[in-house]
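All remarks here apply to the structure that follows.
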Amino acid sequence: MERGVKVCFAWSGFPQYAARCVGAFVRATGIETVVTAIRPISARGMEDVCNCPVVWTKSGESVIGRPELDGVTHLFVTGWFRAPYNELARKVRREGGRAIALVDNDASVGSSARDRIWDLLKNVRFRLFISRMFDGYIVPGKSGRRLLERYGVPTGLIHEGMYAADASVFHDGAPLAERPKRLVYVGQYIARKNVVALVEAFRAENRGDWRLDLYGCGPVAIEDGGGVGVHGFLQVEELSEEYRKARAFWLGSHEEHWGVVVHEAALSGCVLALSNRVGAAADFAGRDNAVIFDPESGTDMRRAMREAMDMTDDRLALAQRESLSLANRIGLNTFVEAVRLGLQG
């Protein structure tokens, strides 16, 4: 254990995969650690997963004055959009500590003039204001690194490893050619995820021998039937089984900063069908395991759907091998190493 060091993770939402990452850090280092987070819908057992105390708050609630957060020397905070976390970052730095931003924003920029102008404005804002708030940055992978370098952050202040699925839960199954002809989607049923277009592309290209199963929740209504199954969210152990019973995973978002579900699917050996706006594609989409498409084009989505469905047994074997190879480069250990580097400055 490093004496005199106290780490705090201020994590908006604090999902299950984040708790597993923090738990791996605590086990590996023994450093005194605390988490502050906005309470999710279900927080049962999260302290056990992350191996440290959790200070739960409501959205917008200040954490200054909470005794559990006294003496923090290193703060790792998700972004700069939560005022209470910014307040905590200023306090830690005033007391001689370090504040490191966990940034999952994607480097991709839309093709419209509005998209390009908006990206320029964000670049200027970051350089003038946000860059002064932090001493270092942790990003999920390659796309996040490219973004921060474009924003003028020195390479040495950027470390990769913010997100990771747990490889002890998500792992390979049977050869893809032996799995059912089945495509899965995991995520919210919201407009940004483009789920209606996914279902339309599937129904247009399915010849009756494939099935699409969606796991999630949200306000967008999706009609069940016709080879499409609509399900609620599953616990990670149940979800991992569904990945291993699928040939391909689909994520067609209009915008997706990274996407831990992509890592989960790749660890499970699946073919990856991803829009060109998915940040994790830079880390997991290779020559043989991925089909990339334009989420704004129904025609291109149908082309990608057909390509994923028509892969030969030889192509499926290559895809499975490449998904596993790329997925195993990232894990809980990369998160631990990124945080260690953040501690060093």
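- In this structure Tyr17 satisfies the ring-ring contact (aromatic ring centres under 6.0 Å, His included) test together with Tyr163, sequence neighbours excluded.
- Here the OG-CG distance, from Ser275 to Asp294, works out to 8.5 Å after rounding to the nearest 0.5 Å.
- Residues satisfying the ring-ring contact (aromatic ring centres under 6.0 Å, His included) test with Phe202, not counting sequence neighbours, are none.
- Around atom CZ of Arg125, no more than 12 heavy atoms belonging to other residues, nucleotides or ligands sit under 6.0 Å away.
- Under a cut-off of 6.0 angstrom, the local environment of CZ in Phe81 is crowded, with over 12 non-hydrogen atoms contributed by other residues, nucleotides or ligands.
- Residues Leu251 and Ile292 fall within the same hydrophobic cluster, defined by Ile, Leu, Val, Met, Phe, Trp and Tyr side chains chained together at heavy-atom separations under 4.5 Å.
- Taking CZ of Phe76 as the reference point, atom CZ of Phe134 lies at 12.0 Å (rounded to 0.5 Å).
- At a threshold of 4.5 Å between non-hydrogen side-chain atoms, the residues Trp118 and Asp115 do not count as touching.
- Glu256 has a carboxylate O that lies under 4.0 Å from a charged side-chain N of Arg192, or vice versa, which qualifies the two as a salt bridge.
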Step-by-step salt bridge (charged side-chain N to carboxylate O under 4.0 Å, His left out) determination, Asp283 to Arg146: CA-CA 12 Å; Asp283 300 294; Arg146 287 200 298 266; over 6 Å; no

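- Under the 4.5 Å side-chain criterion, counting only non-hydrogen atoms from C-beta, Leu183 is in contact with Met305.
- Judged as a salt bridge (Lys or Arg N to Asp or Glu O under 4.0 Å), the pairs with a partner in residues 13-30 (not counting sequence neighbours) are, in order, Arg20-Asp166, Arg20-Glu237.
- Minimum interatomic distance between Gly161 and Ala338 (heavy atoms only, all atoms of both residues): CA-CB, 4.3 Å.
- Looking at heavy atoms from C-beta onward, Val195 lies out of side-chain contact with Val199 at the 4.5 angstrom threshold.
- Atom OG of Ser268 and atom CZ of Phe249 lie 10.0 Å apart (nearest 0.5 Å).
- Remark: Lys181 engages Asp209 in a salt bridge (Lys or Arg N to Asp or Glu O under 4.0 Å) (not counting sequence neighbours).
- Looking only at distances, a side-chain donor or acceptor of Asn194 sits under 3.5 Å from a matching main-chain atom of Gly252.
- Counting all heavy atoms, side chain and backbone alike, Ser323 lies closest to Cys270 at OG-O, 2.7 Å.
- Shown here for Ala319 and Asn289, the closest heavy-atom pair between the two residues is O-CB, 3.3 Å.
- Using a 30° and 60° split on the angle between ring planes, Phe170 and Tyr243 fall in the perpendicular class, above 60°.
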Please report, to 0.1 Å, the donor-acceptor pairs under 3.5 Å made by any side chain of residues 64-74, with sequence neighbours excluded.
| residue | atom | partner | partner atom | Å |
| --- | --- | --- | --- | --- |
| Thr73 | OG1 | Lys6 | N | 2.9 |
| Thr73 | OG1 | Lys6 | O | 3.1 |
| His74 | NE2 | Leu343 | O | 3.3 |

Evaluation steps, side-chain contact (heavy atoms from CB on, under 4.5 Å), between Glu200 and Met301: CA-CA 9 Å; Glu200 291 174 349; Met301 291 181 70; over 6 Å; no

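- Residues Ala285 and Leu274 share a closest heavy-atom pair of CB-CD1, 4.5 Å.
- Residues passing the side chain to side chain contact (heavy atoms under 4.5 Å, CB included) test with Asp106 are Ser108, Ser143, His257, sequence neighbours excluded.
- Annotation: salt bridge (Lys or Arg N to Asp or Glu O under 4.0 Å) contacts involving residues 315-332, sequence neighbours excluded, comprise Glu307-Arg315.
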Working for side-chain contact (heavy atoms from CB on, under 4.5 Å), residues Ile31 and Phe25: CA-CA 8 Å; Ile31 292 174; Phe25 169 76; 4.0 Å; yes

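- Using a distance-only test at 3.5 Å, with no hydrogens or angles considered, a donor-acceptor pair links the side chain of Thr78 to the main chain of Ser12.
- Salt bridge Asp310/Arg247: absent, no basic N to carboxylate O contact under 4.0 Å.
- Listed here is the closest heavy atom pair of Arg179 and Ala174: NE-O, 2.8 Å.
- In this view, Arg145 and Glu149, Glu160 satisfy the salt bridge (Lys or Arg N to Asp or Glu O under 4.0 Å) rule, not counting sequence neighbours.
- Contact check for Leu212 versus Leu198: side-chain heavy atoms found under the 4.5 Å cut-off.
- Note on Met46: it clusters hydrophobically with Val169, by side-chain heavy-atom contacts below 4.5 Å among ILVMFWY residues.
- Every residue meeting the ring-ring contact (aromatic ring centres under 6.0 Å, His included) condition with Trp80, not counting sequence neighbours, appears here in chain and number order: Phe126.
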Give the table of side-chain donor-acceptor pairs shorter than 3.5 Å for residues 219-233, with sequence neighbours excluded, one pair per line with atom names and distance.
| residue | atom | partner | partner atom | Å |
| --- | --- | --- | --- | --- |
| Asp224 | OD2 | Val230 | N | 2.8 |
| His231 | NE2 | Asp213 | OD1 | 2.8 |

Residue pair Val34, Cys52: steps toward the side-chain contact (heavy atoms from CB on, under 4.5 Å) verdict: CA-CA 6 Å; Val34 62; Cys52 69; 5.7 Å; no

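- What you find for Ser131 and Tyr137 is that their closest heavy atoms are CA-OH, 3.5 Å.
- Hydrophobic clustering (side-chain heavy atoms under 4.5 Å, transitive across Ile, Leu, Val, Met, Phe, Trp, Tyr) groups Trp11 together with Val236.
- Within the 4.5 Å cutoff, the side chain of Tyr85 has no heavy atoms near those of the Leu75 side chain.
- Evaluation of the side chain to side chain contact (heavy atoms under 4.5 Å, CB included) rule for Ala204 yields Arg302 as partners, not counting sequence neighbours.
- With contacts defined as side-chain heavy-atom distances shorter than 4.5 Å, the pair His159/Ile100 does not qualify.
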Worked check of salt bridge (charged side-chain N to carboxylate O under 4.0 Å, His left out) between Arg303 and Asp300: CA-CA 5 Å; Arg303 185 271 312 163; Asp300 200 42; 2.9 Å; yes

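- Clustering ILVMFWY residues whenever any of their side-chain heavy atoms sit less than 4.5 angstrom apart, transitively, puts Leu267 in the very cluster that holds Val184.
- Annotation: salt bridge (Lys or Arg N to Asp or Glu O under 4.0 Å) contacts involving residues 75-95, sequence neighbours excluded, comprise Lys91-Glu95, Arg93-Asp135.
- Considering only heavy atoms from C-beta on, Met311 comes within 4.5 Å of Val291 through its side chain.
- Using a 4.5 Å cut-off between side-chain heavy atoms of Ile, Leu, Val, Met, Phe, Trp and Tyr, with links allowed through other members, Trp56 and Val49 fall into different hydrophobic clusters.
- If you take CH2 on Trp258 and CG on Asn105, they are separated by 14.5 Å, rounding to the nearest 0.5 Å.
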side-chain contact (heavy atoms from CB on, under 4.5 Å) assessment of Phe14 paired with Cys50: CA-CA 10 Å; Phe14 201 49; Cys50 67; 4.0 Å; yes

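- Contact of the Asn206 side chain with the Met309 side chain is registered, since non-hydrogen atoms from C-beta on lie closer than 4.5 Å.
- Atom CH2 of Trp250 is separated from atom CG of Leu214 by 11.5 Å, given to the nearest 0.5 angstrom.
- Atom CZ of Arg244 sits about 9.5 Å away from atom CG of Leu239, to the nearest 0.5 Å.
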